[in-house]
Amino acid sequence: MKEMEKAYEPSKFEDEIYQKWIDSGFFNPDNLEGEPFSVMMPPPNVTGILHLGHALENSLMDLMVRYQRMQGKKVLLLPGTDHAAVATQAKVEGLLVKEGIEHPREELGREELLSRIRTFAEDSKATILGQIRKLGTSADWSRLRYTFDDDRNRAVNEIFKRMYDDGLIYRGTRLINWSIGAQSVLSDDELEWDEKQEPFYYIRCGNFVIGTVRPETKCANSPLVVHPEGVYVKVRFTNADGETDELILSKNLFDDKEQMENVLSALQPQSEFVVIEEKMGKELEGQTFEYETYAGSRTFTVLADEVIDMEKGAGAMTISSNHSADDYDLANRRGLDETFIQKIDFSGKMTSIAGELEGETIESARKKSVQIMKDKGLIVGEDVSYVHRVPLCYRTKTVIEPMVSNQWFVDVNKKFVLKQSKLKDIKAGQEVTLKELMQTVVRSGEVNILPDRYNKTYFEWIDNLRDWCISRQIWWGHRIPVWYRGEEVYCGVEAPQGDGWTQDEDTLDTWFSSGLWTFSTLGWPDQTEDLKLFHPTNWMQMGWEILFFWMARMILMTTYAIGEIPFSNVYIHGMLRDKDGKKFSKSAGNGIDPLEMIEQYGADALRYSLVTGCTPGNDSRFYIEKVEDARNLVNKLWNLSRFMKGNIRESALTPEISQMPQAYTLADQWVIQKLQNTITQVNTLVAEYQFTLALEKLREFTWNDVADWYLEIAKRESEGEEKSEILNVILSTLLRLWHPFMPFVTEAIWQNVYGEEQIIMVAPWPKAMSTQGNEKIENQFEIVRSVITGLRNIRGEYNIPYTVDLSVSIETEEFQVLLDSQAQVIQKLLKLQSFTIAPQIDKTDTMVSFVDTGVTVYVDLAGAVDFEKEKERIQKEIDGIEPYVIAQEKKLSNESFVSNAPEAVVNQEKEKLAKAKENLKKLKEQQESFV
RNA sequence: GCGUGCCUAGCUCAGUUGGUUAGAGCACCUCGUUUACACCGAGGGGGUCAGGGGUUCGAAUCCCUUGGCACGCACCA
């Protein structure tokens, strides 16, 4: 058996242990018995390396899985990675641009670009999988999956075809979100909204005034929309050139002089405005006029519609049906076909309708159009403080341009017949919509989201859900399985027979394939054994930021495809932030590589520091100090194990615990009882997913109870070997309880202590045994403990080193027998030569004392007593107790408390009062003795 | 505009059916090399649980309200 070194050095053990775990075969559930328990690893994107957030996620899933494995279950943790369509292509394109390939798609072509991306993805994949191993994740590598491998592609095509045949996937022309940067459409939830301050221009259009932040779009014929019920006034005034002029404004604006000032800030009228006419919007409808724009003269026809907000601007607008969601809806609703004018092309440049600004970028056209309009006197006002939110591409961070385009969608509101179902509230053959499926399984509780409050967020999102745009114009991704030949359209898992077919150019939204993750990874569409055994999965954890992207899509896909829920429990963890509470991000340069942390402090320390203090749904901060603390704890575990090992005789060293060990002393009884309590508590807390609390209990027991008290006592109580069995039970149990949280160090110790052929990973999870004990043990131990602590306190306050003996007398009647029996312990821990215990002690002037329930301890300091200090100390104690006694007496004399509170509570309070009163009385006596 | 979360010791956070004189880790102060561990041990100081109101015998915990911070959804001519 190898010596245990003085300090645990993770780097000396971790790789070797991980390899041993793999070699053992126990990562693979085929080698395990019992009830199946499955977790699908959320596949990290192959866009680079893992960050601490991934490390948190891995720690959570691995602790869950290791706990279950030790419970004797057939555990599968299936690892994998995600091709992350847009993200990866954007990443690689960015790198290529840096290398000098300015237009990767044009310059390289489809095949070459794809091959470059593939190379990058494979590199990244290798890095990521290496990181996952470093974290100690107990995943079954024989079942490694990739969202873009051949079998997953088959699953994607299969489900596409089924949805297509069910009429749930359709192709249609819609207003979509176009990412100029990614050169692709994005779904609604792939947008990020950024608050921006941009000038809001008031532009003259005939006699009307319209407002816009997008002056570059004001270059085409348009209806001029007013509110039918809105009141408009025509005002006459003398303009800057001294000419008589007229404007039509909403009455609201005209009545609000301050606002009027803003809207017409550039007009500089030379007279008052005189109202010459007042009309309703609907009365204005129909009139047509020609007016200048920055790109020449255009025709406008007044249209009355309720979309107009009379409080905004001058109560009138023109529209860009191809470049605004509201306008697009309005144009469709009112049949304004002639307004579908493409002003901006898909590369983000102005079209010929912009006249001389054709070919300009949006940004440049905006500036130039304003200049032209200013020169033409078309701008009547400008609000520079206008703040609005603009959509950005979540991957490339470039502006999203609404565009009209032909795309593929999943219809979430269409009724279809669910072919198979194991769901609680929806039976096979029933008509449902995808939206209803998503709602029902969460409402029924089949999918349980933790914490609860995310249910609300989830439902809110689904209520607002519109058809899901699934086609992308990027090349990196699952190709849409649709082929065309002339007018013919073919949708199938495989390419159609015959010549002349061309496949749709587009690829699928990455979430389309990751939505299938829980079952496509198990071999679907084949009816595999794995699918039967491991689906639905039992547990899933994810950050709230992908609740909609992923969780909702998994529910949609899984319920649709196989009529099952994807998982029964989702644990939503918060986001990991840096020490200042900022998001970790590359641009902020505050990223921390998990591998560096592992190298420095060990994987166990990293895992512990991430999981502790982390509660469901709440963000947490990452501190180096936390990792250091965790490292210290790991080392503590190592060292107490080292000590125990040295104090257990060889024949007692066994990992199996078949029976309760013989307890010889109070401390023995106490620690055994505590150990059982700890097992019970940890079990309960882990079962409730309260990892932080479980860890707190474990830490407290390990460090405070075992290391600081029990082992210190055990050293003094045992000359021989009678502690062997107890120490072995504690050691074996502690290591197993810690293993899910600190897999490496516990394995290292386990194999060192119990032999290299042993493996803690599949050791049975500890079960609490009943302690035929009395509840008094804990109280008795507390008495001993407080006598010792009290005496240490006096040593501290009087600065008496342990080399100087104390003359101690303990006055007690109630606990005389107890303290007599613990005399050795007290004496040795405090390094006393001797001390006396008696029912009655005569206090002298040279003594100081402290009290506890039923016990008063006197220390004769001879000449060393500092009376002032002593009085102060006693007074402080009295100050602590007295208000409490008063409060308790008041409480207990309160009739309604005594009659309303449960009897147990009342009794408990009475008992506490009695103790406090007794202590107070003694303290007061002592105080008097000083006077 | 609608909604959610958070505000507890100097710092970071626990505190899950309302009932311990409100906890932990770090930091701080004092002491200490006692054969597991200085990645240590012993002792100590430190909080009217954001403010106000209410329900209750009893509130950090439930309700209302004010303020601050963070976030989600919607809007975004």
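Not measured: the values here are computed from a predicted model.
- Using a 4.0 Å cut-off between charged nitrogen and carboxylate oxygen, Arg333(A) and Asp305(A) count as a salt-bridge pair.
- The P atoms of rG19(B) and rG52(B) are separated by 22 Å, rounded to the nearest whole Å.
- Under the side-chain contact (heavy atoms from CB on, under 4.5 Å) criterion, Trp461(A) pairs with Asp189(A), Leu465(A), Phe548(A), Ala552(A), Arg553(A), sequence neighbours left out.
- Taking atom P in both rG23(B) and rU16(B), the straight-line distance is 14 Å, to the nearest Å.
- Separating the P atom of rA74(B) from that of rG18(B) is a span of 35 Å, rounded to the nearest Å.
- Between the P atoms of rC71(B) and rU21(B), the separation comes to 40 Å (whole Å).
- The gap from the P atom of rC6(B) to that of rC13(B) amounts to 13 Å, rounded to the nearest Å.
- Using atom P as the reference point in both rU4(B) and rG45(B), the two lie 42 Å apart (nearest Å).
- We find that Glu696(A) and Arg699(A) are not joined by a salt bridge, their nearest charged nitrogen and carboxylate oxygen being 4.0 Å or further apart.
- Within the 6.0 Å centre-distance limit, the rings of His388(A) and Tyr386(A) are counted as a close aromatic pair.
- Side-chain contact check for Val906(A) versus Leu892(A): some heavy-atom pair is nearer than 4.5 Å.
- No salt bridge links Lys697(A) with Glu700(A); every basic N to acidic carboxylate O contact stays at or beyond 4.0 Å.
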Under a 3.5 Å cutoff on both atom distances, Watson-Crick or G-U, what's the dot-bracket for RNA chain B ([ ] crossing, | other strand)? ((((((((.[[[[.)...(...]]]].(((((.......))))).....[[[[[..)....]]]]])))))))....

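- The six-membered or imidazole ring of Phe691(A) lies away from that of Tyr608(A), with a centre-to-centre distance of 6.0 Å or more.
- Each of rC37(B), rA14(B), rC73(B) was ranked by its minimum atom distance to the side chain of Thr692(A); first place goes to rA14(B).
- Nearer the 5' end of RNA chain B, as judged by each residue's closest nucleotide, is the contact made by Arg792(A), out of Arg792(A) and Asn900(A).
- Of the candidate nucleotides rA36(B), rU12(B), rG19(B), rU12(B) has the atom lying nearest to any side-chain atom of Tyr623(A).
- Backbone-only contact: Asp708(A) has heavy atoms under 4.0 Å from sugar-phosphate atoms and none from a base.
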Output one line per pair: protein atom, nucleotide atom from nucleotides 15-18 of chain B, and distance, for all N/O pairs under 3.5 Å.
residue : atom : partner   : partner atom : Å
rU16(B) : N3   : Gln690(A) : OE1          : 3.2
rU16(B) : N3   : Gln690(A) : NE2          : 3.3
rU16(B) : O4   : Gln690(A) : OE1          : 2.1

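- A side chain to side chain donor-acceptor pair (under 3.5 Å) with Glu216(A) is found for one member of His323(A), Lys343(A), Arg366(A) and no other, namely Arg366(A).
- Across rA38(B), rA36(B), rG72(B), the shortest atom-to-atom separation from the side chain of Lys6(A) is found for rA38(B).
- Rounded to a whole angstrom, the distance from the C1' atom of rG47(B) to that of rU55(B) is 26 Å.
- Between Lys715(A) and Glu712(A) there is a salt bridge, with a side-chain nitrogen of the basic residue lying less than 4.0 Å from a carboxylate oxygen of the acidic one.
- With rounding to whole Å, Arg453(A) atom CZ is found 11 Å from rG72(B) atom C1'.
- Residue Tyr884(A) and nucleotide rU21(B) are classified as a stacked aromatic pair, their ring centres being separated by less than 5.5 Å at an interplanar angle below 30°.
- Following rounding to the nearest Å, Glu401(A) (CD) and rC76(B) (P) show an atom-to-atom distance of 15 Å.
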